[in-house]
Structure formats: structure tokens, C-alpha cells
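Working notes, structure below.
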Amino acid sequence: MRKLRGSSYSLILVIVVMLAFIGLSLRLVYFASKLLPQLMGGIVLLLAVIALAREIKAGHSLEEATVTTSETGVGEKNSAEAGKYSGIAAWIIGFFLSIYVVGFMIATLLFVGAYMKRHGSKWPATVITAVIFTGIIYAVFNLAFKADLYKGQLLMWLDF
Amino acid sequence: MLENVVQALTNFTNIWIWLWIMGGVISGLIIGVLPGIGSVTGLALFLPFTFKLQPMEALPLMVSLASVGFTGGAITAILLGIPGETSSIPTTFDGYPMTKKGQGARAIGAAVMGSLLGGVAAAFLALAMMFAVLPMVMAVTSMDMVFVILIGLAFICVLGKGSMIKGLISGGVGILISSVGLAVLTGEPRFTFGIAFLYDGIHIIPVALGMFAVPPMVDLALQGGGSTITTGEVIIMGMKDVWEGAKDVFRHWGLWLRSTIIGYIFGVIPGVGASVAVFVAYGQAKQTSKHPELFGTGIVEGVIAPESCDNAKEAGSLLTTLALGIPGSLTGAMYLGAMLMMGLIPGPEMITKHMDLSLTLLIVVAVSNIIAAGICFALAPHMAMIARIPGRVLVPTILVFIFAGCFAYRGYFEDIIVMVIFSVIGVAARRFGYNLGGFAIGYILGGLFENYLFISLQIGGPLFFLRPIALFLIFILIAFFTYSPLKNAFKIKRGEPKI
């Protein structure tokens with residue numbers, strides 16, 4: 001079976017989302033509420049179908065022209081790239097979860113410190129940067145802008 | 001009209017506006033110097049801070065930041081061969097070879113003077129144009145604004161990076177995302193799934209940060225934890241050489257003027273972008289030169305052209321954003337987002353009700369270019385050292401700022417969730433060639449578009465577009481979409497290869 005490219009999958013996703021948008025907008029009561037979503041959803045759906053058809057067609061001609069190209073090399077490159085993206089996603093999600101649990105201040109300290117250490121910083125530089133930067137965040141947001149940064153579920157559970 | 005000019009100038013007697021401009025200039029220069037972090041990312045980072053500021057504080061800060069970001073980008077492009085901004089790439093063609101030949105100081109002088117004069121001249125040109133376009137803009141009604149927005153969106157989606165269809169899809173998806181929340185005209189909840197947080201719609205701050213601030217950090221993280229600069233040499237610059245470079249701009253004033261005009265025009269046209277404008281400016285410099293074979297080997301004309309063009313673009317873009325409410329570029333989209341958050345509606349209303357603010361912002365472009373030039377003349381080699389900050393420090397610290405800024409604006413943890421979702425969308429959209437500019441502008445203008453559309457339908461009925469201005473705009477829209485296919489069809493008919 002012919003493999004689709006990432007871009008084609010993205011277009012399929014757009015088509016599915018647009019169908020959902022149009023479907024949901026059909027349930028809206030007022031004409032004024034549903035006109036824009038249906039109009040735009042319809043246009044985007046049509047464009048996505050055209051783009052997908054073009055990509056599949058272009059993929060056909062490309063495959064016919066380069067049947068002998070090694071698929072292993074491309075596969076390895078893609079999986080290495082996916083691995084890198086997953087690594088970064090893990091850092092971001094980890095930071096997000098740590099904010100939720102321990103709040104901004106502790107999460108900042110942990111995230112900056114862990115990221116720097118993991119990427120080759122020495123301990124003194126890591127600790128100094130993490131502490132100073134956490135201080136800057138506190139000064140800018142809590143003191144200067146009077147924005148109470150999220151304290152985290154842990155402190156709330158502990159009744160702080 | 002004169003009283004607006006006087007009022008705009010009076011605004012500069014307030015010390016605070018100067019402090020905001022200084023803050024914007026310094027931030028813009030630092031952001032410009034840092035490779036991989038452009039003015040758009042900088043503006044997205046500053047967007048959450050506008051919640052405590054007045055329009056006369058936040059907008060000068062943002063405009064000055066974006067106006068000088070390109071100047072900062074030129075410094076690393078010349079001294080280290082690394083463009084701080086995408087639009088600084090052509091500057092590396094001749095700027096870095098000049099440094100290797102020992103003429104780095106001269107190249108810096110030419111770049112800074114070219115940027116300064118380009119930015120200031122374009123700001124004054126935009127000021128003059130503001131008065132010229134005023135009668136035209138005042139003739140534009142809600143019924144015409146529907147098509148003004150469509151034209152702006154079409155230009156941005158089609159002329160931007162990537163395929164035309166994906167550009168249009170991006171714009172359309174942006175408009176659809178803007179429709180989430182209570183419908184303004186009926187009060188009916190749309191696509192909220194009963195979640196109270198979504199009743200207010202998806203806010204611009206998490207969207208802007210997710211789409212424009214997080215993806216560059218992901219790119220930076222992909223490069224590893226080290227510094228993008230590996231050379232250890234210290235750059236020593238003599239002021240005499242710097243001034244020599246500055247004088248070069250006057251020696252090649254014709255080239256400077258042509259490049260400035262190109263930058264200004266490309267700025268006014270929505271969607272073309274700085275990266276295209278600077279290549280066009282570099283190309284014309286080579287074509288009109290008496291010694292085109294020397295371009296790329298390190299000649300000063302190759303620095304003057306892109307740098308004059310780069311800074312001139314910003315004033316043109318600002319004019320389109322203020323006068324028509326159509327952002328000329330992504331930085332314009334960020335201004336537009338900030339203005340809407342502060343209750344200002346760019347377009348005819350902006351330059352009639354808030355003319356003094358509009359004029360002030362154009363003067364800010366000129367002023368910030370002057371301040372930036374002063375800083376760069378004095379500190380350019382030291383500024384280049386900022387680019388040595390390694391990725392392992394930049395990535396986590398900027399990510400923390402992004403997350404904290406996202407939360408601080410409204411204090412909703414849900415905003416962070418939305419930002420993370422849009423970060424994934426932003427990274428994927430960049431990876432698969434969608435037009436982020438088109439998305440942003442569709443999203444920002446979606447609400448206005450819907451309002452104008454319904455006002456028009458209520459006033460003029462289904463045939464509301466039967467008005468001279470609207471018909472003219474429809475003609476432009478049709479011509480824009482049919483020009484290229486028709487040209488290709490004629491070429492095929494004549495047996496020529498299609499474009």
C-alpha cells in the first residue's frame with residue numbers, strides 16, 4: 001500500500017476538523033451564528049480536498065520517477081527527527097505538568113536547572129542561572145506586574 | 001489635522017514614552033541579535049505585558065521593538081555570518097565577506113546608517129501618506145470593509161510562503177478559530193462544548209504565544225544546547241572605519257533611495273514580507289551596479305541595499321495596519337492584536353478617532369531608528385557577543401517567560417493548555433508548509449469580518465456589494481486570483497513553458 005506523506009495526513013486532519021465544524025454548526029439555532037462557520041468551513045474543506053488530491057497525484061508521479069530510491073534512509077531520518085521532536089515535547093509537557101503540581105516558582109527552578117544540566121552545563125552555572133532566573137520571574141510578574149503566578153495543586157492541597 | 005500633529009509631538013514631551021521606546025529599542029536589538037528569535041517572537045513575548053499598560057505605552061514599546069529588530073539582526077549577519085533575522089540573510093552575502101577582509105567596521109557603519117536613514121525616511125513618507133489616504137479611508141464603509149479584509153487576507157495567504165492553497169486554508173482556519181465562543185450578534189455559544197472558559201472565545205495571547213513564540217524555541221532546541229557561534233575571536237572595530245561605512249551610504253545615495261522605496265512599497269502591500277523585499281533590494285542593487293560580478297565577494301553596496309530596505313518596510317506595514325486595519329506583515333498582525341485587546345479598532349476608526357496615536361506611532365518608528373543607530377554605532381561588537389548565549393540557557397528561560405506571560409495575562413490555567421495545543425499546531429503547520437501569517441491574520445480579523453458582513457447584510461441586504469468601492473475591490477480580488485492561471489493558459493496556448 002502506498003504511504004502518504006506527513007503533509008497529506010495534515011490535510012486529512014483539516015478535512016476531518018472542517019467536517020466536524022460544519023456538522024456542529026448545523027446544530028446552531030440562528031442563521032447569523034452559523035453563516036460564517038458554514039461558509040468558511042465549506043471553503044476550507046473544498047480547498048483541503050483539492051490540495052490532498054494534488055499531493056496524492058504529485059506523490060504518484062514522484063514514486064514513478066524514483067522507484068529505486070532507498071526507503072530505509074528516509075525512514076531512519078524521519079524516525080530520528082520524530083525522536084528529537086518527542087524529546088522537546090517531553091520537556092514542554094514536563095514543565096507544564098510541574099507548573100500544575102508545584103506552581104510556577106518551583107517549576108521554573110526545576111525546569112531551567114534540569115534543562116541546562118541535561119544539555120551539558122556545569123553544576124555551578126546551572127544552579128546560579130536557575131536561581132537568578134527564578135528571582136527575575138518573581139520580580140517581573142509578582143512584584144512589578146502584580147500578577148499572582150499559579151501556585152500549583154500541591155500547595156493548594158497542603159492548604160497554603 | 002494640524003492639531004493632531006501638535007498632539008502627537010506633545011506626546012513626546014512625556015518622559016515615560018521615551019522610556020517605553022528605550023525599552024523597546026533595547027529589547028528589539030537584543031532579540032534581533034539572537035539567532036532564531038525574530039521580531040515576531042519578540043512581539044508575541046511582549047503581548048501579555050500589555051495588560052497593565054495604556055495604548056500610549058504598550059504600542060510605542062511594540063513598534064520600537066519591531067522597528068529596530070532588523071538592525072540588531074544585521075550585526076551578527078555582518079560580524080559572525082549568522083543572520084539574527086531571516087531578512088538579514090542577504091546582508092551576510094557581502095557583510096560577512098567584508099568582515100573576513102578586515103572591513104567589518106565599515107560594513108557595520110554602512111548597515112546602521114542605511115537602516116537609520118531607510119527607517120526614518122520611510123516613517124516620514126508614511127506620515128505624509130497618512131494625510132493623503134485619509135479622504136480615501138473615510139470613504140470606506142462597513143460594506144466595503146468586508147472586501148478590504150478579504151483582499152488583505154488573500155494577499156497574505158497567496159503571497160506568503162508555501163503553496164497558495166495551503167495559505168488560503170490557513171487563513172480560513174484562522175477565521176474559524178475566531179468564531180469559537182459566544183456569537184457577538186446573537187449571543188449563541190459556538191463550538192464551546194459547554195466549557196465556560198471557551199465562552200469568551202480563544203484568546204489571542206495563548207494563540208500568539210503558541211503559534212509564534214514556542215515554535216522558534218523548538219527549532220532552537222533541535223539545534224542542541226550549545227551556542228550557534230563557535231568562533232572565539234574578539235572583533236575589534238575602529239570608529240574611523242565605522243564612519244567610513246556610514247559615509248558610503250551617502251556615496252551610494254541612489255542605491256539607498258531605490259532600496260528604501262522598495263522596502264516601503266513591500267511594507268505597504270500586505271503579505272509580501274521582509275524576506276522577499278530584501279532579496280528584491282539586493283537583486284536590484286546587483287542588476288544596476290557597474291560591477292555586478294563583485295557582489296557576494298564583500299562590497300558595501302551589498303550591505304546598503306538590504307539594510308535600507310529592511311527598516312523602511314516597517315513604516316509601510318504600520319501605515320497599512322493603522323489606516324486599513326489590514327496588517328502588512330506578521331509584526332503588523334501583532335500590533336493589530338494588541339490594539340484590539342486595548343479596545344482600539346484599526347482602520348478608518350483608528351485614523352479618524354485616534355489620529356494623534358497613529359501619528360505618534362509613525363514618529364516612534366523614526367525615533368527608535370535614531371536611538372538604535374546610536375547604540376549600534378557605539379556597541380556593535382559587544383552586541384554581537386549576545387549571540388554567544390547558548391541554546392541550553394535561551395530555550396528554558398524564554399519558555400518560562402512564555403508560560404508565565406500566558407498565565408499572567410488573565411490568570412487562567414486553561415490559557416496555558418490552549419497555548420500548548422497551539423504550540424503543537426504551530427510546529428506542525430511550519431513543518432508542513434502552512435502559512436502562519438495567514439492563520440494569524442484570519443484569526444485576528446475573523447471577528448471584525450463577521451461583524452462587517454452582518455452590518456452590511458442588515459444595511460444593504462444580499463446585494464450590499466453593489467457599491468462603487470466594493471465593486472472595485474471585488475474586481476481587484478478576481479484579478480488577483482485569475483491573473484496567474486490566465487497568464488499560464490495563454491503561455492500554454494502559445495507553446496511557452498508555464499510560470
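Proteins get letters first, then strands, A, B, ... in listed order; numbering begins at 1 in each. Hydrogens, waters and symmetry mates are skipped; everything else that's a heavy atom, side chains included, is used.
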Testing the 3.5 Å rule here: is there a donor-acceptor pair between the side chains of B/Glu450 and B/Ser179?
no
Please classify the contact between B/Ala404 and chain A as side chain, backbone, both or neither, with a heavy-atom cut-off of under 4.5 Å.
both
Under 3.5 Å: donor-acceptor pair, side chain of B/Arg392, backbone of A/Gly120:
no
Write out, in numerical order, the residues from residues 16-23 of chain A with a heavy atom short of 4.5 Å from a heavy atom in chain B.
A/Met18, A/Phe21
With a 4.5 angstrom heavy-atom cut-off, which part of A/Phe95 approaches chain B: side chain, backbone, both or neither?
side chain
A/Asp148 versus B/Phe407, closest heavy-atom pair with distance:
O-CE2, 3.3 Å
Contact origin within A/Leu35 toward chain B - heavy atom pairs under 4.5 Å:
side chain
Between B/Val427, B/Leu457, B/Val395, which has the largest tally of heavy atom pairs under 4.5 Å with chain A?
B/Val395
Side chain to side chain contact (heavy atoms under 4.5 Å, CB included) between B/Arg431 and A/Tyr85, intermediate numbers included
CA-CA 11 Å; B/Arg431 175 85 174 74; A/Tyr85 276 110; 3.8 Å; yes
Residue from B/Leu168, B/Leu399, B/Thr397 scoring the most non-hydrogen pairs under 4.5 Å with chain A is B/Thr397
Does any heavy atom of chain A fall under 4.5 Å from the side chain of B/Phe193, the backbone, both, or neither of them?
side chain
Go through the atoms of B/Leu453 and report whether side chain, backbone, both or neither lie under 4.5 Å from a heavy atom of chain A.
side chain
Under 4.5 Å heavy-atom distance to chain B, tell me which part of A/Val14 shows up: side chain, backbone, both or neither.
side chain
Please state whether the side chain, the backbone, both or neither of B/Val420 comes within less than 4.5 Å of a heavy atom of chain A.
side chain
Would the B/His203 and B/Tyr409 ring centres measure less than 6.0 Å apart?
yes
Do you know which of B/Leu185, B/Val173, B/Ile175, B/Leu176 has the most heavy-atom pairs with chain A at a distance under 4.5 angstrom?
B/Leu176
Going through the distances and angles, do B/Ile402 and B/Val214 end up as a side chain to side chain contact (heavy atoms under 4.5 Å, CB included)?
CA-CA 8 Å; B/Ile402 292 169; B/Val214 177; 3.9 Å; yes
Compute the ring centroids of A/Phe133 and B/Phe401, then answer whether they are less than 6.0 Å apart.
yes
Option in B/Val218, B/Leu222, B/Ile417 with maximal non-hydrogen atom pairs under 4.5 Å from chain A
B/Leu222
Under a 4.5 Å heavy-atom cut-off, does chain B meet the side chain of A/Tyr30, its backbone, both or neither?
both
Under a 4.5 Å heavy-atom cut-off, does chain B meet the side chain of A/Arg54, its backbone, both or neither?
side chain
Turns out that what part of B/Phe413 lies under 4.5 Å from chain A's heavy atoms comes down to side chain
Contact origin within A/Leu47 toward chain B - heavy atom pairs under 4.5 Å
both
With only heavy atoms counted, which part of A/Leu149 is less than 4.5 Å from chain B, the side chain, the backbone, both or neither?
both
Contacting moiety of B/Val424, where chain A heavy atoms sit under 4.5 Å
neither
Should the ring pair A/Phe111 and A/Tyr115 be called parallel, tilted or perpendicular, given that the plane angle runs from 0 to 90° and is split at 30 and 60?
tilted
Side chain / backbone / both / neither for A/Ser25 at chain B, heavy atoms under 4.5 Å
both
Segment of A/Ser10 engaging chain B (4.5 angstrom heavy-atom cut-off):
both
